[in-house]
Structures are given as structure tokens and as C-alpha cells.
Amino acid sequence: MPRLIRIAGVAELPPEGELREFLSGPEPVCVANVGGVFTALGNACPHRGAPLSSGCIADGKLICYWHGWEFRLSDGACDPPGRPPAKVFELVIQGDDVYLKC
């Protein structure tokens, strides 16, 4: 059965178009805000381990700042296809708390 792990308060979530790292879960995660929709990916790029939270967002993708790998925020898939995806976590917001579903 999945469990919820609190990672932050709602006030700590990143502003529109930005990324933020959170360390309070089972592993570091990168939370993105695109149009008020928050998504969470594992913070280590599957290519070389760069912190994805240091990247940027463009066209619904997180772009790793080390080598430019692009990950769709919707499902973590890497573009171009064939490269390993980023790990995706489900976020749950309850009141003023933000949880990862693990």
C-alpha cells in the first residue's frame, strides 16, 4: 500500500515556471511548477547524476543544465526517446502540507 511522506509546506513550493529541490523524502526530489500544476521528479539526472533542480523549464520539459537532456514533466520520459527516463513521484497536497506518494 502506498504511503505519504511529507516533503514541504505549500508555501515552500516553487513559483510559476521554477524548480525547487526537496530533501525530506525517500530521496531528493525536484518539484516543478508549470501553470500552477506541480510535478515531482527524482532530482538526479539518469544520465550523469546532475541535480535536475538546477535546470530550467521549457515547453513542459525540464532541461538538465549539465548536458541538455530533456525530460517531460508529465511522465519523466526523455526526449529523444531511447534514453532513460527521470523517476516520477505523485504529489499529494492536503491542507498546508505537500506529500510524496511512495
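- Atoms OG and CD1, from Ser54 and Ile63 in turn, are 14.0 Å apart once rounded to the nearest 0.5 Å.
- Between Glu21 and Cys30 there is no side-chain heavy-atom pair separated by less than 4.5 Å.
- With a 4.5 Å cut-off on side-chain heavy atoms, Pro14 and Leu19 do not count as touching.
- The two residues Ile57 and Ala32 make their nearest non-hydrogen contact at CD1-CB, 3.9 Å.
- Residues Val10 and Ile93 are in side-chain contact: their nearest non-hydrogen atoms beyond the backbone lie under 4.5 Å apart.
- The CD1 atom of Ile5 lies 10.0 Å from the OG atom of Ser24; values are rounded to the nearest 0.5 Å.
- For Glu70 (side chain) and Lys61 (main-chain N/O), no donor-acceptor pair under 3.5 Å exists by modelled atom type.
- In this structure, SG on Cys102 lies 6.0 Å from CZ on Arg3, to the nearest 0.5 angstrom.
- When hydrophobic clusters are built by joining Ile, Leu, Val, Met, Phe, Trp and Tyr residues whose side-chain heavy atoms come closer than 4.5 Å, directly or via intermediates, Leu91 is grouped together with Val29.
- Contact annotation: the side chain of Arg83 approaches that of Trp69 to within less than 4.5 Å [non-hydrogen atoms, C-beta and beyond].
- The structure places CG of Leu73 at 12.5 Å from CZ of Phe38, a figure rounded to the nearest 0.5 Å.
- Between atom CZ of residue Phe71 and atom NZ of residue Lys87 there is a gap of 14.5 Å, rounded to the nearest 0.5 Å.
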- Steps toward side chain to side chain contact (heavy atoms under 4.5 Å, CB included) verdict (Leu13, Val98): CA-CA 8 Å; Leu13 290 171; Val98 180; 3.8 Å; yes
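- Among all heavy-atom pairs drawn from Glu27 and Gly42, the shortest one is OE2-CA, 3.9 Å.
- At least one side-chain heavy atom of Ile7 sits under 4.5 Å from a side-chain heavy atom of Val31.
- Nearest heavy-atom pair across Ala50 and Trp66 is CB-CD2, 3.1 Å.
- Under a hydrophobic clustering in which Ile, Leu, Val, Met, Phe, Trp and Tyr are joined whenever their side-chain heavy atoms come within less than 4.5 Å, directly or via other members, Val88 and Leu4 fall into different clusters.
- When every heavy atom of Tyr99 is checked against every heavy atom of Gln94, the shortest pair comes out as CE1-OE1, 3.8 Å.
- Contact detail for Pro46 and Pro85: the closest heavy-atom pair is CG-O, 3.3 Å.
- Contact of the Ser74 side chain with the Thr39 side chain is not registered, since no non-hydrogen atoms from C-beta on lie closer than 4.5 Å.
- Annotation for Glu16 and Gly35: closest pair OE1-N, 2.7 Å, computed over non-hydrogen atoms.
- Asn43 places a side-chain N or O within donor-acceptor distance of the main-chain N or O of Leu52, the cut-off being under 3.5 Å.
- Remark: Glu18 CD to Cys56 SG distance equals 11.5 Å, nearest 0.5 Å.
- Counting only heavy atoms from C-beta outward, the side chains of Arg6 and Phe22 never approach each other to under 4.5 Å.
- Annotation: side chain of Cys45 is in contact with side chain of Cys64 (closest heavy-atom distance under 4.5 Å).
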